[in-house]
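Data first, discussion second: the structure below is written as structure tokens.
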Amino acid sequence: MKKKIAILTEKNLKSGNGHFMRMKGLFSYLKKKKIICKIFLLKNKFNYKKIKFFKPYLIVCDLRSFNKKEYLTIYKDMKCKIVNIENYNNSKYDLNISVIDHNKK
């Protein structure tokens with residue numbers, strides 16, 4: 001079975017387009033490398049069931065807030081590796097990548 005990557009991001013007035021554009025670039029790169037991946041754009045409701053049905057090996061999260069109850073379900077329930085982009089408040093992921101060093105932590 002081929003490994004799949006789920007990309008979770010958002011695009012709205014509060015978070016702006018930065019998270020989405022960054023993950024769109026990652027998605028394009030992975031597609032060129034023939035890696036099975038899918039972007040899950042989180043809006044008002046959480047797409048947890050769709051992500052679970054996709055059965056990813058790896059989840060890459062780039063979200064404005066990682067502490068919402070719905071998002072924390074990912075860390076608790078998913079049986080895969082989770083990579084976060086610039087998340088300084090949650091330690092339930094496997095790897096955090098800092099793009100811009102704007103936090104003293």
Side-chain angles (χ1 to χ4, degrees):
M1 177 172 17
K2 288 197 173 190
K3 295 179 180 176
K4 302 176 190 175
I5 298 176
I7 299 172
L8 277 65
T9 190
E10 59 190 345
K11 180 180 174 184
N12 56 48
L13 293 175
K14 287 185 180 179
S15 67
N17 291 330
H19 301 287
F20 175 73
M21 294 306 291
R22 190 162 44 205
M23 293 299 99
K24 185 178 173 187
L26 176 62
F27 175 78
S28 296
Y29 175 80
L30 294 172
K31 282 297 209 184
K32 285 179 187 173
K33 296 292 183 181
K34 308 267 192 246
I35 295 172
I36 300 169
C37 59
K38 186 172 183 177
I39 291 181
F40 293 90
L41 187 61
L42 303 180
K43 295 183 181 182
N44 294 334
K45 290 195 174 187
F46 184 64
N47 285 332
Y48 179 70
K49 288 181 182 179
K50 290 181 182 179
I51 298 165
K52 200 169 184 177
F53 181 75
F54 184 63
K55 297 180 182 176
Y57 166 78
L58 175 70
I59 298 176
V60 180
C61 300
D62 191 358
L63 305 165
R64 181 173 173 260
S65 172
F66 292 88
N67 293 323
K68 291 182 182 177
K69 183 175 73 172
E70 297 88 359
Y71 301 157
L72 294 175
T73 303
I74 294 171
Y75 307 117
K76 188 172 75 171
D77 292 347
M78 296 302 283
K79 306 281 191 253
C80 62
K81 299 288 184 189
I82 299 174
V83 174
N84 282 313
I85 309 294
E86 298 200 46
N87 177 8
Y88 300 100
N89 300 319
N90 190 329
S91 62
K92 295 177 175 46
Y93 48 78
D94 297 296
L95 176 67
N96 181 52
I97 298 173
S98 178
V99 177
I100 300 170
D101 189 12
H102 54 72
N103 188 323
K104 293 182 181 181
K105 293 181 185 178

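Predicted model, so just to flag it, every value in this text is computed and none were measured.
You'll find the side chain of Leu41 reaches within 4.5 Å of the side chain of Thr9, heavy atoms only. Proximity of Leu26 to Ile5: side-chain heavy atoms (C-beta onward) are nowhere separated by under 4.5 Å. Inter-residue side-chain proximity for Phe27 and Met23 is flagged as unmet; no heavy-atom pair is nearer than 4.5 Å.
The two residues His19 and Glu10 make their nearest non-hydrogen contact at CB-O, 3.9 Å. Closest approach of Ile82 and Leu58 over heavy atoms only: N-CD1, 4.4 Å. Counting all heavy atoms, side chain and backbone alike, Lys55 lies closest to Lys4 at O-CD, 4.1 Å.
With rounding to the nearest 0.5 Å, the separation of CG in Asp62 from CD1 in Ile39 is 10.5 Å. In this structure, Ile85 CD1 and Leu63 CG are separated by 10.0 Å, a value rounded to the nearest 0.5 Å. Rounded to the nearest 0.5 angstrom, Cys80 SG and Ile51 CD1 are separated by 9.5 Å.
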Run the numbers on Phe54 and Ile36 for side-chain contact (heavy atoms from CB on, under 4.5 Å), then give the verdict.
CA-CA 10 Å; Phe54 184 63; Ile36 300 169; 4.3 Å; yes

